[in-house]
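In what follows, a structure is listed as structure tokens, so that the remarks can point back to it.
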Amino acid sequence: MKNLGFLFAANLAIWGGIVFYIFTLMKRNRALRRDLDLIQETVKKESGK
Amino acid sequence: MNSFFGQVRAIVWKDFLTEFKTRELFSSMFVFAVLVILIFIFSVDLSLVNSEEVGPGVLWVAVIFAGTLGLNRSFTLEKENSGLQGLLLAPIDRAAIYFGKMLSNLIFFLVMEAFILPVFMVFFNIDLLSNLGPLLLVLLIGTLGFSALGTLLSSLSSNLKTREIMLPLLLYPLMVPIAIGAVRLTEQVLTGGALGDMMNWVGLILCFDVIYLAVSIMTIDHILED
Amino acid sequence: MSAEHELEEEETGTRPGEGGQVLFWLTAVGFVGALAAIFVFVPTEVTEGIVQRIMYFHVPCAWVAFFAFFIVFFCSVLFLWRREREWDIYAHASAEIGMLFCSLVLITGPIWAKPIWGVWWTWDPRLTLTLVLWLIYAAYLMLRLQTAEGSARAKYCAVVGIVGALDIPLIHFSVLWWGSQHPAPKIITSEGLGSGIDTSMGITLLVALGAFTLVYFLLMSLRVNIEKMKDEIDRLKKQRLYSN
Amino acid sequence: MVQTDAPPSNEFAIESKGLRKQFGLIEALRGVEFRLRAGEFLTIFGPNGAGKTTLLGILSSLTRPTAGQARVAGYDVTDNDPRMRREIGVISHASFLYPDLTALENLVFYARLYGLADPEAVALRGLEEVELSLRRHDKVGTFSRGMVQRVSIARAMIHNPSILFLDEPYTGLDQHASLLLERHLKELKTEKRTVVMTTHDFGRGLEMADRVAIQVKGRFAKFLDRADAGDAAAFERLYIDTVEGVL
């Protein structure tokens, strides 16, 4: 069971990397979603007039 | 076809005329290359290493660094007063513009190399004259690939705000095959070996030259139009 | 007006649809399977010990990176040919994901190499190629970052995507021939993986490869979705801007 | 590429249908439609950012339209046909000249690019026409704005084009240069060349025009015969009303 540290480090890097990327994607997704909803609402309101 | 070469010649003629008047391109490239060689000599103790082994690398690094300077300059020249737009308005093929710029870059690089070689010979104490023929051949095929890819990428990066930074960032990783191959071949030539023993490298560099000339002709239309 | 609107929303697919759900669950299952295979099923390799398990992540990461860069090339060619924004989006998304996995390869490689080879890094052809690839696509993404959005950016990036991919075989051969002049890694060459492989290891590697490929597609769908949402916002903004 | 040797005959020198051009979020052109007969002089007025330069860019095949069609001298502008570029000349605020070369060398260079016989003679003749033959051996970089513009006129006319695009040619010109330019434009008119000019100068723009267009927000808001446009004062009122109406 020697070198367990290396295995742990490699796993940390991979999972950390992927999870971090997914996290940033989600964050951007949410922000854009909000923007989109806001604009869609305004457009709908304006075209309703 | 005749007019195609006429147009390419006109562009090369124009670049040379400009260069003869200003000499800014050549002088800056040459001085910069000498500086690169000097810095390397300071950073490597020549009494400890074999100069035939270190020399080729230094020579090519100097050529590529100085060449990048020239590439940047060559397209900013076209951007002043929108000269490039004038070229685009002329009834010529986009490929002729590429070939014209590529050829004048190539010739400038070769002239610069011709001036650097004596400096290199003296500083590194290497006898170039006995192997001059193969050495020139190696310099020619390596520089051809460099200017083929360099002209394509500098025409691309000349449209960017950060062109001076982006050109080397894009160019250098793609230059890896030529950088390695040309250094190997130069080393072989300088140590008196036959070029025929390293035909795989010659083939690789020629492949590079052909691929990038072909890709440039196919994609230059997309880069030059708005 | 409103009916037309809803139709367009369907088309751009900004909300995760049925397909996205299936892909997500498939990936999740694949992953649990891969983890189980790597940490429970497969026996510890005799010579390399426990560190060898890194390989089951490292190799799939490398595979996904290469696959992603191939997709960049493919979409770049299609973009220059068809001039459709769609292909530019795919190329962009794939380059970004390829960079992620390429980085992971470069990080996990040395972590594996240190206990096995005794050094963090050696100029082995495969390592060198991966490093150069990383640099090429880093430049590609920087080019995207520094150019204003629009058809010009898409064209420049497509050209770099094509040029970069065509360079890969040349780089491969050059670093291969170059590396052969340097001393080979001391303890075990990277060749050791392929030769000493047995069935359970093979199965585990295959499962991991499958799982990581699914992750690639999942990330692609997320990333493409973001880009399409941006386009939709731009479209709506423009519609408001010129609504006279 | 399949090409026939005879240029396509067409009674309209310029035809544009639903031209659109988008730069990122901004739509520079939003459906420009007009037709211009050979030999007509069109002046386009419009506020800054109306897309006048973009329109000329598309018509001179420098810029590719996002949508729509345009035919110039019978050639589709998106075909990228070198023969179409032989028919057009462009004068814009950028001179397209190399500052380190002399006036003569610049013109010789362009004459060669256009594949003209005896480039030196053609270049000299061009310089004589813009009254600069005395300074033919001086670098363009040392010239004043007016002189540069005159060389630029000679450059645009060197291959004797049938269609000319002028993008705000009066900007930055002194009195003398403006007069020279005006004289040239009048010559172009008598030579029955098709001209499209954009300008902010009502008097000069109206003087030579056969047709007048007011371009606002990427569209031709008005496209009139010169006779319907009235005198300069009346047209200025029309212009302001049109622009304010659209904005």
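Throughout, a chain's letter reflects where its sequence line sits, starting with A, and its residues are numbered from 1.
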**Request:** May I ask you to name which of D:Ser95, D:Ser152, D:Ala156 has the most heavy-atom pairs under 4.5 Å with chain B?
**Result:** D:Ser95
**Request:** Below 4.5 Å from any heavy atom of chain D, which atoms of B:Arg94 appear? Answer side chain, backbone, both or neither.
**Result:** side chain
**Asked** Side chain, backbone, both or neither: which part of B:Thr22 has a non-hydrogen atom closer than 4.5 Å to chain D?
**Response** side chain
**Message:** Quick check on the structure: residues of residues 101-125 of chain D within a heavy-atom distance below 4.5 Å of chain B, by number.
**Reply:** D:Leu101, D:Thr102, D:Glu105, D:Val108, D:Phe109, D:Tyr110, D:Arg112, D:Leu113, D:Tyr114
**Message:** Counting neighbours of NZ on D:Lys17 that are heavy atoms of other residues, nucleotides or ligands and sit closer than 6.0 Å, is the number greater than 12?
**Reply:** no
**Complete:** When every non-hydrogen atom of D:Ala94 is compared with those of B:Ser82, the smallest separation belongs to CB-OG, 3.3 Å
**Asked** Should we say atom CZ of B:Phe115 is surrounded by more than 12 heavy atoms from elsewhere, each under 6.0 Å from it?
**Response** no
**Message:** Just checking B:Arg73: does its CZ atom have more than 12 heavy atoms from other residues, nucleotides or ligands closer to it than 6.0 angstrom?
**Reply:** yes
**Item:** Student check: side-chain heavy atoms of B:Leu89 and D:Ser60 closer than 4.5 Å
**Value:** yes
**Item:** Rounded distance [0.5 Å steps], CG in B:Leu17 versus CG in D:Asp100
**Value:** 10.0 Å
**Item:** B:Glu80 versus D:Tyr98, side-chain donor and acceptor atoms under 3.5 Å
**Value:** no
